[in-house]
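Right, one structure below, let's go through it.
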Protein chains: 2
Amino acid sequence: MNISQAAKLSGLSVKTVRYYADIKIVEPARDIQSGYRSYSNDDVAKLNFIGKARRFNFSIEECRELLSLYQDKNRSSKEVKKLTLAKIASIDEKLKEFHSLRDELSYLVNCCNGDDRPSCPILDELSK
Amino acid sequence: MNISQAAKLSGLSVKTVRYYADIKIVEPARDIQSGYRSYSNDDVAKLNFIGKARRFNFSIEECRELLSLYQDKNRSSKEVKKLTLAKIASIDEKLKEFHSLRDELSYLVNCCNGDDRPSCPILDELSK
DNA sequence: TATAAAGTCTCCTGTTACTGGAATGTAAAG
DNA sequence: CTTTACATTCCAGTAACAGGAGACTTTATA
């Protein structure tokens, strides 16, 4: 199938699918006549896989790893679990950061009258 | 003072301070002899302000807005509060996303034996 | 005072994961 | 046969810097 079919089936944009071909993560065959990319069902499965992994916040490089583990029928589940645990840990860090940011900002917002006068505790805090 | 002094006082890197000069958010005077950037205390205060706002996850463009509000003695606190509330809302969105990611991933991790056998529910999920 | 070391300058590249657009070629529909 | 839709490559832009090269200035040491 051609690229727009593959894109539709995988839920990705044509641009993205082409990009994945450029960076050699999903390399389709080529139609010799037209030069058009020609995607197999297997290619689409890989695109799907990557799409899901990206939604799980895995980076492209991590997707590459997961994909090669996925294709290696002898891999141990240990390796996959390790990658996933690391991802969870990094998400936890971000969560912590954003939580404390949120708390500080909402504290400041609560202190701020939000009226037409110039006095503003938010700016005061930022300038300290 | 020269750039490394300003960087030290504001807790930013020299590269960052120079970058802020390039994008015209904090533009120091120049020493005519050497061409070196010359920072005033006021410039350092702005750098500090921006550093803090960045740590609060405000983008450079938002910093620009906050800075001009900060310098406008007649601004209303309403405007600042509005910006800050929008920032909180966007942080909340990210928090929600990351929370659900975390939950899904840790669910998968708990399903995975993490042993030397190939069977892996994580990869199974990604390939669905 | 000569020289070396440290600091600064500008300019260019790379980062992440794409998106948008231009110029051009191919395929499908009427 | 022409229009339209889709495809291709290549280049630029995004956010917010970091790293590094090559050249110049200032400061410290011998």
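All figures in this text were calculated on a predicted structure; none of them were measured in a lab. Numbered from 1 within each chain, the chains take letters A, B, ... in sequence-line order.
- To the nearest angstrom, P of D:dC17 lies 12 Å from CG of B:N57.
- Under 4.0 angstrom from either OP1 or OP2 of D:dA7 there lies at least one side-chain N or O belonging to A:S4.
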What verdict does the side-chain contact (heavy atoms from CB on, under 4.5 Å) test give for B:I23 and B:R64, after you've listed the backbone C-alpha separation in whole Å, the side-chain angles of each residue and the deciding distance to 0.1 Å? CA-CA 10 Å; B:I23 63 171; B:R64 237 185 256 276; 4.0 Å; yes

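- Comparing atom distances between the B:S34 side chain and each of C:dG7, D:dC6, D:dT26 picks out D:dT26 as nearest.
- For the pair A:K73 and A:Y70, the cation sits on the ring face: its NZ or CZ lies under 6.0 Å from the ring centre, inside 45° of the axis.
- Separating the CD1 atom of B:I32 from the P atom of C:dC9 is a distance of 15 Å, rounded to the nearest angstrom.
- In this structure, CD1 of B:I50 is placed 12 Å from P of D:dA16, rounded to the nearest angstrom.
- Atom P of nucleotide D:dA15 and atom CD1 of B:I25 are separated by 13 Å, given to the nearest angstrom.
- If A:S38 and B:R54 are placed on DNA chain D by their nearest nucleotide, the residue sitting closer to the 5' end is A:S38.
- No side-chain donor-acceptor contact under 3.5 Å links B:S68 and B:Q71.
- Atom pair B:Q33:CD and C:dT8:C1' shows a separation of 15 Å (rounding to whole Å applied).
- Here the side chain of B:Y36 is nearest to one of C:dT8, D:dA16, D:dA7, namely C:dT8.
- If you check every strand for non-hydrogen atoms under 4.0 Å, B:R18 touches a base.
- Dashed line: the shortest gap from a side-chain N or O of B:S13 to OP1 or OP2 of D:dC17 is not under 4.0 Å.
- Computed from coordinates, the A:R30 CZ to C:dG25 P distance equals 17 Å when rounded to whole Å.
- Going from atom CG of B:L47 over to atom C1' of D:dC17 covers 15 Å, rounded to whole Å.
- Taking the side chain of B:I60 as heavy atoms from C-beta on, and the options D:dA16, C:dC18, D:dA18, the nearest nucleotide is D:dA16.
- For A:R37, whose side chain is taken as the heavy atoms from C-beta onward, the closest listed nucleotide among D:dA18, D:dT9, C:dA17 is D:dT9.
- Within the nucleic acid shown, A:I23 has no heavy atom closer than 4.0 Å to any nucleic acid atom.
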Dump the intermediate steps for side-chain contact (heavy atoms from CB on, under 4.5 Å) on B:K78 and A:D115, then the final yes or no. CA-CA 5 Å; B:K78 197 161 53 180; A:D115 53 25; 6.0 Å; no

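- In this structure, of C:dC18, D:dC17, D:dA18, it is D:dC17 that holds the atom nearest to the side chain of B:Y20.
- A:Y19 has its OH atom 11 Å from the C1' atom of C:dT15, to the nearest Å.
- Side-chain polar atoms of A:S40 and A:D43 form a donor-acceptor pair below 3.5 angstrom.
- One finds a side-chain N or O of B:N2 lying less than 4.0 angstrom from the OP1 or OP2 phosphate oxygen of C:dT8.
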